[in-house]
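Following: one structure in C-alpha cells, then a few remarks.
In the text below, chain A, chain B and the rest are named by the order of the sequence lines, each starting its count at 1. These values consider heavy atoms only, across backbone and side chains, with no hydrogens, waters or symmetry-generated copies.
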Protein chains: 4
Amino acid sequence: MNSPEKRELILRCALSLIIEHGIHGTSVPDVARRAGVAAGTIYQFFQSKEQLIDTLYQELKTSMGAALLRGYDADLPYEERFRLIWKNLFFHFIEHPDEFRFLTRYVDSPIINETTRRGTDEYKPIRKLLREARRSGAIRNLNSEITLALLYGSVISLADLHLRGTPIRGKVLEETIRSCWDAVRGSAQHQ
Amino acid sequence: MNSPEKRELILRCALSLIIEHGIHGTSVPDVARRAGVAAGTIYQFFQSKEQLIDTLYQELKTSMGAALLRGYDADLPYEERFRLIWKNLFFHFIEHPDEFRFLTRYVDSPIINETTRRGTDEYKPIRKLLREARRSGAIRNLNSEITLALLYGSVISLADLHLRGTPIRGKVLEETIRSCWDAVRGSAQHQ
Amino acid sequence: MNSPEKRELILRCALSLIIEHGIHGTSVPDVARRAGVAAGTIYQFFQSKEQLIDTLYQELKTSMGAALLRGYDADLPYEERFRLIWKNLFFHFIEHPDEFRFLTRYVDSPIINETTRRGTDEYKPIRKLLREARRSGAIRNLNSEITLALLYGSVISLADLHLRGTPIRGKVLEETIRSCWDAVRGSAQHQ
Amino acid sequence: MNSPEKRELILRCALSLIIEHGIHGTSVPDVARRAGVAAGTIYQFFQSKEQLIDTLYQELKTSMGAALLRGYDADLPYEERFRLIWKNLFFHFIEHPDEFRFLTRYVDSPIINETTRRGTDEYKPIRKLLREARRSGAIRNLNSEITLALLYGSVISLADLHLRGTPIRGKVLEETIRSCWDAVRGSAQHQ
DNA sequence: TATGAATGAGGTTTCATTCAT
DNA sequence: TATGAATGAAACCTCATTCAT
C-alpha cells in the first residue's frame, strides 16, 4: 500500500470512528488500530489529531462541493438547475451518511479550525445562480443568502429524515423537491 | 444564593463554555471557575460531567418545547398557526443563541444519552397540526414527517443565518415565512 | 441519645462499614449516614477519620484484653488457666466477628498509629503466667514469647476457620484445645 | 530493560511501598517514581491500580505455593514431611518479609478480588498429606482443616515474631517445630 | 519509513474536613 | 451542639505525542 492510499485509509477510519464515538471518544491509537498501522505512523501524515480532523473536514467539504455541481449546465432552465443541485446534494448526503453526519455535526465545532471552516466557498456557483435568477425575476425576491439557506436547510433536514428511516424517493422525492422549489420560486413567473 | 439558583448558574456557565470551546474543551474546573464555585460543588448537583451535559440538553429541549407553543390556539387558521410556530421557534433560537447552538450541535452527539435524546417528543402538537391540515386539504399532500422536517429545517437554517450576521426581520422575515408556508402549503386551496 | 451513646454508635457503624468495604472504601459521610448523624457531627467526637479508627482499634483491643481474663484465677492449675484463656479469646473472637476481623486485619496496618498499636500490653498477665509455668517446669522450655505466639496464633487461626464455616465446638473444640496445650506443654511433667 | 523485567520491577516497587504505607497510602505516581517510570507506563502493564494489586497478590501466593513444596517427597515419614513443609513456609516468609506481610495483611481485604483470593488452593497437597496421616493414625484424630489451621497459624505467628525481633533459629527453631508437631500428632503412635 | 512503548500533562472524580447556619 | 453544603487537594487514569529502534 502506497502512501496516499494509507493516508486515505487513515482518514476513512478516523471518519467512521468519529461517527460512532465522537471526536472526543476517538483516540489516535483507536484510529491506528482500525487502520492497521502504528499510532506513530499517523504522525507521518498529519501533524496532530486536530490537523487530521481539519483535513478530514476539508476533504469532505471539497468532495461535497464537487458532487454539488455534477452535471451542472448553465444553459438549463433555472428550475432544472435548482433541481439538479438539490438532488446532487441530497444523494451525495444519503449515499455518504458518515460524511453527511461529520459535516453537519462539526460544521460549527470549535474543534474545526476557523480558517479551515471558511476555506473555499463551496456554494459560490449556487450563489451566482440564485442572484441571476432573482435578478431575472425567475425566483422570489429574497436575499440570495436566505434562499441558499432555505435550499441547504431543506436538503440537510430531509437527508437526515431519510437516514433516520423515513424513505424519501420516487414520487415523494419529486413532491418534496417541488415543495422546496415552491419556497424558492414563490409567486414569481415561470421562466 | 440557594441551591436551585446555584444549579442553574452551573448549567448556564457550562452552556456558555461549551459553546465557546466545545464539550471536550470545557473541563469541570473550567465550569466551576466561571460559576464561582469549587469543582467539587458541581458534583453535589450532578453525578458526572456527562450527566450535567445530559441535564443541560434536557432542560434546553424542554424550554424550546415550551417556547414552541406560546400563544398557540387551535381555533386559528392553519396558516396562522404555522406562522405562530415558525416565529416562536425562530425567535426562541435567535434570542437564545447558545441554547440554539447547543441543541443543534449536540443533537446527534454520542455524548448525549440515547434515552435523553429521545426523551419527550417536543413536536407532538405540530405533528398533530400537520396531520389535520393535510387531511383537510389545507396543505400539500406530503408525509407529515417530511413537512415537519421542511419546517424545522428552514427555521434552523435561517436562525443560523441570522446569527451569522444576515439579519432577518421586518419585511424580509415576513417574506421568508411566506416562502416556508408556500413550501408547506403547495398548491393546496386556501382555508 | 446522649453523647457517649452517639459516640459508641459512630464507632460501631464505622466498624461494620470497615469490615464490609475496608477502611479505604469507607468514607466519613458513609459512617455518618449509617449512624444517622451529619458528617460534621463525627468531628465533634473525633479529630479525624484516622483518629476515629485509632480509637476504634484501642477500644476493641481493650475489650479483648478484658475478655481474655474473664474468670481468671491464679490458684487454678496451669492447664486450667491455659484452657480458660484460650477459650476466653476464642469465644470473644467468634462472638464478635467484626472486632476479630478488624483487630487481625489492621494490627499491622500503617493506618493504625504506632503508639496506639503498642498501647498497653494486653497479654501481660499471660506472659507472666507462661514465665511462671516455664520456670516451674509445667510447660515446655521455650521462650515465653514463642509460647505466647503459639497460643495466640492457634486461637486466631481457629477462630478464623470457625467463622469461615468449619464449626469448632463440643468435643472437637476440646480436642483442639488439648492439641494446643500439647504444643505448649510438650513433654513437661503434669502439674 | 525489557518488558517483563519492567513489569516485575513495578510489582516489586508497589509491594515495598504498600508494606511501608499501605495500599491506601501508596499512589500510582508513588509506585512509578520508585520504579523510575512514568505513571502512565504502569497502565501499559496493568489495567488499574486494583488489578496491579490483584496481580501482586496472585503472584505472591503462587510463589508461596511453590516454596511450600520444595523438596517434598511422599516417601518420607509423616513427621519429616510435616517438618519440611513447616520449614519451607517459615523460611519463605522470613526470607521474604514484604511478601509475608502483604499476604497476611490483605488476605481478607475487600481490595483483593474475590476470585483472585479464592484462586487456586495452594494447600491442596498439604490437605492430602494430613488426611492420609490422619487415616493412618499417625496424627491426632482431628478434622484436617483444623490441623491445617494449627500448622499454618503457628508458622504465621512465629514468622511474625521472628520478624519483630525475637530470632527463631537453631535449637529454638527445632524445639518450636517439635512443639507444633506435638500439637498435630497428639498422643498418636509414632510412625 | 514505520513502529509502539513510554511519556506526563491534564482530565474527571472522590472525600476528609470546615464553617455558616 | 448539630448540620450538611461547600471546599479543594489529591487520587486514578487517559491519550496525544515522541523517539529509539
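- Remark: P of F/dA6 and CD of B/Q44 are 6 Å apart, rounded to the nearest angstrom.
- Comparing E/dA6, E/dA2, F/dA6 against the side chain of D/K6 picks out E/dA6 as the nearest.
- Note: CG (D/L9) to P (E/dA6) measures 12 Å, nearest angstrom.
- A salt bridge (charged side-chain N to carboxylate O under 4.0 Å, His left out) check over residues 44-53 of chain A, counting only residues at least two apart or in different chains, returns nothing.
- Minimum heavy-atom separation, B/E122 to B/G65: CG-CA, 3.6 Å.
- Between the side chain of C/R12 and the backbone N or O of C/A35 there is no donor-acceptor pair closer than 3.5 Å.
- Partners of B/P29 by side-chain contact (heavy atoms from CB on, under 4.5 Å), not counting sequence neighbours, listed by chain and number: B/S27, B/R33.
- Using a 4.0 Å heavy-atom criterion, one finds that D/V28 contacts the sugar-phosphate atoms exclusively.
- Listed by first residue number, the stems of DNA chain F with at least three Watson-Crick or G-U pairs below 3.5 Å are E:2-21 with F:2-21.
- Residues satisfying the salt bridge (charged side-chain N to carboxylate O under 4.0 Å, His left out) criterion with B/D54, sequence neighbours excluded, are absent altogether.
- By the side-chain contact (heavy atoms from CB on, under 4.5 Å) test, B/L11 pairs with B/R7, B/E8, B/F46, B/L52, B/T55, B/L56, B/E59, sequence neighbours left out.
- For C/F100 against C/F93, the heavy-atom pair with the smallest separation is CD1-CG, 3.3 Å.
- Contacts between residues 10-27 of chain C and DNA chain E, defined by a heavy-atom separation below 4.0 Å, involve C/T26, C/S27, listed by number.
- Applying the side-chain contact (heavy atoms from CB on, under 4.5 Å) rule to C/S63 yields the partners C/H92, C/E99; only residues at least two apart in sequence or on another chain are considered.
- Residues satisfying the side chain to side chain donor-acceptor pair (under 3.5 Å) test with C/S3, not counting sequence neighbours, are none.
- What separates CD of A/Q47 from P of F/dT17 is a distance of 10 Å, to the nearest Å.
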Evaluate the criterion side chain to side chain donor-acceptor pair (under 3.5 Å) for residue pair D/S16 and D/R34; output intermediate values, then yes/no. CA-CA 10 Å; D/S16 65; D/R34 181 164 293 186; 2.8 Å; yes
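- Residues satisfying the salt bridge (charged side-chain N to carboxylate O under 4.0 Å, His left out) test with B/R118, not counting sequence neighbours, are B/E114.
- When each of D/I53, D/L60, D/I18 is paired with D/Y106, the side-chain contact (heavy atoms from CB on, under 4.5 Å) condition holds for D/I18 and for no other.
- Of the candidate nucleotides F/dA6, F/dC13, E/dA6, F/dC13 has the atom nearest to the side chain of D/Y43.
- Of all the residues in residues 29-41 of chain A, A/V37, A/A38, A/A39, A/G40, A/T41 reach under 4.0 Å from DNA chain E with at least one non-hydrogen atom.
- For B/K61 and B/D121, the salt-bridge test fails: no basic side-chain N is under 4.0 Å from an acidic carboxylate O.
- Note on residues 36-45 of chain D: no pairs pass side chain to side chain donor-acceptor pair (under 3.5 Å), not counting sequence neighbours.
- We find that CD of D/E5 is positioned 16 Å from P of E/dA5, with the value rounded to whole Å.
- Interface residues of residues 48-57 of chain B facing DNA chain E, ordered by number: B/S48, B/K49; criterion, heavy-atom separation under 4.0 Å.
- Straight-line distance from the CZ atom of D/R7 to the P atom of E/dA5: 15 Å, rounded to whole Å.
- The residue B/F46 sits apart from the nucleic acid: no heavy atom pair falls under 4.0 Å.
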